[in-house]
Amino acid sequence: MNLQLIGRYPGIANDSRRYFRQRLLEVASHRQRRRTRNRSAGACTFLVTAISLACSALATPTAVAEIRFTETTALAGIRDTGESIGAAWNDVDGDGYPDLWLDKHQYTPTVIYLNRGDGTFAESIEDFDEPWGILGAFEGRTDSHGRAWADFDNDGDDDVLEVSDLGWDNLFWINDGFGHLENRMATHGFVYPFDASICSTSGQCNPWGRRMPLWFDYNNDGALDVMVSALVDYAPPYSPTAIFRQTTKPDGAKSFVYAKETGVDYDNAAFCRFGVLAELSGDDRLDLICADSAKVSEVWDTSQLPFLSLRGRLGPDLYRSRPADFAVGDFNGDLLPDIFVVRPAISADVAQLVGTRNVHARFVTKTAEPAKLSFAAEGSLVIDFDWWTDTDDVFIGASRANPPSSANLSVYNGWNNYVRLTLSPTDARNQGIGLDRAPGYYIGYVDGRWVVRFVNHRSSWPKQLVIQASGAISNLLTEGGLVIGQRANTLPALLLQNAAHQLVNHSNSILGPQSSCISAVAGDFDNDGDLDVFTGCSGEIANLDNILYENDGLGNFTAITGSKLGKARGDLYGRTDTVITADYDQDGRLDLFVTNGRAFRPYSIAGRQQLFRNVSNNDHHWVEVDLRGVTTNRNGIGARVFASTPDGKVQVREQDNGMHRDGQNHRRLHFGLGRNTTLNLEVRWPSGIVDHFNDVGVDRLHTLTEGADHTEALQ
């Protein structure tokens, strides 16, 4: 099914209308074929009986099963490369298969890949000409950051709130149930308090610093509210993290109002990059973690107003963890959520040979003494600089000539100019190197080697460049505080185990290599009944090998790296941005999608996004669960699901909407069952309703409806 985003373009041509009618007929036929296929595969309906859960203090360790992934990016039809700032799995068009939403940051339009259900994806951006498609709706004129899908209006289809920075309006894409999205931000509120001292005279402030939304129902009225997280990166007007409460207007329209009563407001500013939900306080309700890579700003119990800080109850380890991302789950089988923390490398002045033809370099320290790198290379060079480098910051050859204006290129439609140089060793203008202490880059060819000198910089951002040679690069040397090789393990991962609702450092349970990692997801990748953790890793200027930490069932993790991880070790090029998980082909094995275009040019242009299909081969069974709230919000966000199996094991999953830093895993809950062939399920809904489902069939997807006396087979 193709998408249409129309919020800024009121008219649709007749030929477009005919096209959409034809597409709807195709979709109806496609869905009928899927219903027939699912029924023949054994989709089930069963009656509900009560169960009781006997929860043991510790799980029995499970046998280690081999976990294998293969890369299917090209085979699946995914061709996206370049800058990214997160991604999300979600069933956009309601056909039961998770689709991909790729945020491309501030200069390129969002990309949506629609799952055909046969292992391949259709790139929706190609299916429409401007102004009807995504290109026309976005036009690059928004600084897109995080997004989160949810059925905020409980109408049976998911909508998406897309957060923008740099003063741009957020985008609120409302789904019509067929995968057509319309931006209705203007009619749904999300207005920050007006402060005449820092905002424009228009009466509304669109401040800077916003990062990600997080859907949750803090007042438990069945209507989802949302937190918009933000960093105080900039001078006023800035946006602190804020909560918006969903309300219903007298005419029945939905709107979101600034919820000062929560205590998360301008007066009690909490700054964070992302939010995560987890039940940490022991009251059977999911609590709210607000975090960024410098700190955990706060953890709130949201069951009372204003929100109650849990800082004094959880212990200090979480608050000083410096997280790049969290993977949350019950790792040791005691039915309490633990937290696996990955942490990034500390910035440094660094250069590195990436592959055989590329040198990446990053300059952080501001100093009047020049840093220098030099190398031998076969053939000519192409040098890409970051966005904050102008042609008058670059000096070529002994004459210190600036590049011509033609070297200043546009990334997208006149936006975000950057400098690209093409240099030949035989060009007389490139011979020698100028000596000066004015800030900038000094580049020249000297005695058979290319030399790049860097003196200070005016920008508050690190200065960065990528050098690509037409032939091999060799003998890379550095001077002046510039080191060779990014630091891979300056901040190792942490395991914070939940001991009677206090988080205690058990990092000695992580065995094997550590690395600088930026994203983490928990999942039972071998379906053996315990949660493993996959981490996407990168340094300051290039990717590092990803790591899979396999759980032994007691919360002890063994790192699987290098060739043992196969293609899922990832590409060297680009920088890992986020990892998200879903069973995209519905074979009962959790798959992975990795974006590799983190942050800004120039490293991000080398990154390509990667899809890894789980091909682990064992005789383990599984169950997947979609929740359907009735009194609770329709997505069941905030619910807790317990699965008990005949071997005496009890597992728990929390419906946290799949959210973590810059990523959204598919909301569908997945349980690996080992060799068990039946299970009982208990669902504890936020409304207080508790439902029990006995003798649930395995190797199937079930929909569990709040208050129902049966499960509905997926159609």
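Residues: numbered from 1 along the sequence shown. Basis for what follows: all heavy atoms, side chains included, without hydrogens, waters or symmetry-related copies.
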If you take all heavy atoms of [X] and [Y], which pair is closest and at what distance?
{"X": "Arg273", "Y": "Arg211", "result": "O-CB, 3.3 Å"}
{"X": "Gln486", "Y": "Ile541", "result": "OE1-N, 3.0 Å"}
{"X": "Pro513", "Y": "Tyr549", "result": "O-OH, 3.2 Å"}
{"X": "Ser321", "Y": "Arg343", "result": "O-CD, 2.7 Å"}
{"X": "Ser509", "Y": "Leu495", "result": "CB-CD2, 3.9 Å"}
{"X": "Asp524", "Y": "His670", "result": "O-CE1, 3.5 Å"}

**Item:** Backbone N/O of Phe525 and side chain of Asp532: donor-acceptor pair under 3.5 Å
**Value:**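 It does hold such a pair.
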
**Request:** Please confirm whether the backbone N or O of Arg661 pairs with a side-chain atom of Asp325, one donor and one acceptor, at under 3.5 Å?
**Result:** yes

Counting C-beta onward and ignoring hydrogens, is there a side-chain heavy-atom pair between [X] and [Y] closer than 4.5 Å?
{"X": "Asp591", "Y": "Phe593", "answer": "no"}
{"X": "Leu280", "Y": "Asn498", "answer": "yes"}
{"X": "Glu279", "Y": "His501", "answer": "yes"}
{"X": "Asp571", "Y": "Val594", "answer": "no"}
{"X": "His666", "Y": "Asp583", "answer": "no"}
{"X": "Leu161", "Y": "Phe190", "answer": "yes"}
{"X": "Asn546", "Y": "Leu592", "answer": "no"}
{"X": "Glu162", "Y": "Trp101", "answer": "yes"}

**Message:** Is the distance between the ring centroids of Phe557 and Phe340 under 6.0 Å?
**Reply:**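 Judged by ring-centre distance (under 6.0 Å), Phe340 and Phe557 do meet the cut-off.
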
**Asked** What is the ring orientation for Phe152 with Phe256, classed by angle as parallel under 30°, tilted 30 to 60°, or perpendicular over 60°?
**Response**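 Tilted: the ring planes of Phe152 and Phe256 meet at 30° to 60°.
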
What's the separation between atom [atom1] in [X] and atom [atom2] in [Y], rounded to the nearest 0.5 Å?
{"X": "Leu214", "Y": "Asn657", "atom1": "CG", "atom2": "CG", "result": "7.5 Å"}
{"X": "His360", "Y": "Glu540", "atom1": "NE2", "atom2": "CD", "result": "13.0 Å"}
{"X": "Asp662", "Y": "Thr578", "atom1": "CG", "atom2": "OG1", "result": "6.0 Å"}
{"X": "Asp103", "Y": "His145", "atom1": "CG", "atom2": "NE2", "result": "9.0 Å"}
{"X": "Trp215", "Y": "Asp225", "atom1": "CH2", "atom2": "CG", "result": "8.5 Å"}
{"X": "Tyr218", "Y": "Ser303", "atom1": "OH", "atom2": "OG", "result": "13.0 Å"}

**Asked** Cut-off 3.5 Å, side chains only: do Asn635 and Gln655 have a donor facing an acceptor?
**Response**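 Short answer, no.
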
**Item:** Residues Asn543 and Thr576: side-chain donor-acceptor under 3.5 angstrom
**Value:** yes

**Item:** Salt-bridge contact Asp301-Arg313 (side-chain N to carboxylate O under 4.0 Å)
**Value:**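 A salt bridge is absent here (no side-chain N lies under 4.0 Å from a carboxylate O).
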
**Request:** Give a yes or no on whether Arg311 atom CZ has more than 12 heavy-atom contacts from other residues, nucleotides or ligands under 6.0 Å away.
**Result:**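 Counting neighbours around CZ of Arg311, more than 12 heavy atoms of other residues, nucleotides or ligands fall under 6.0 Å, so yes.
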
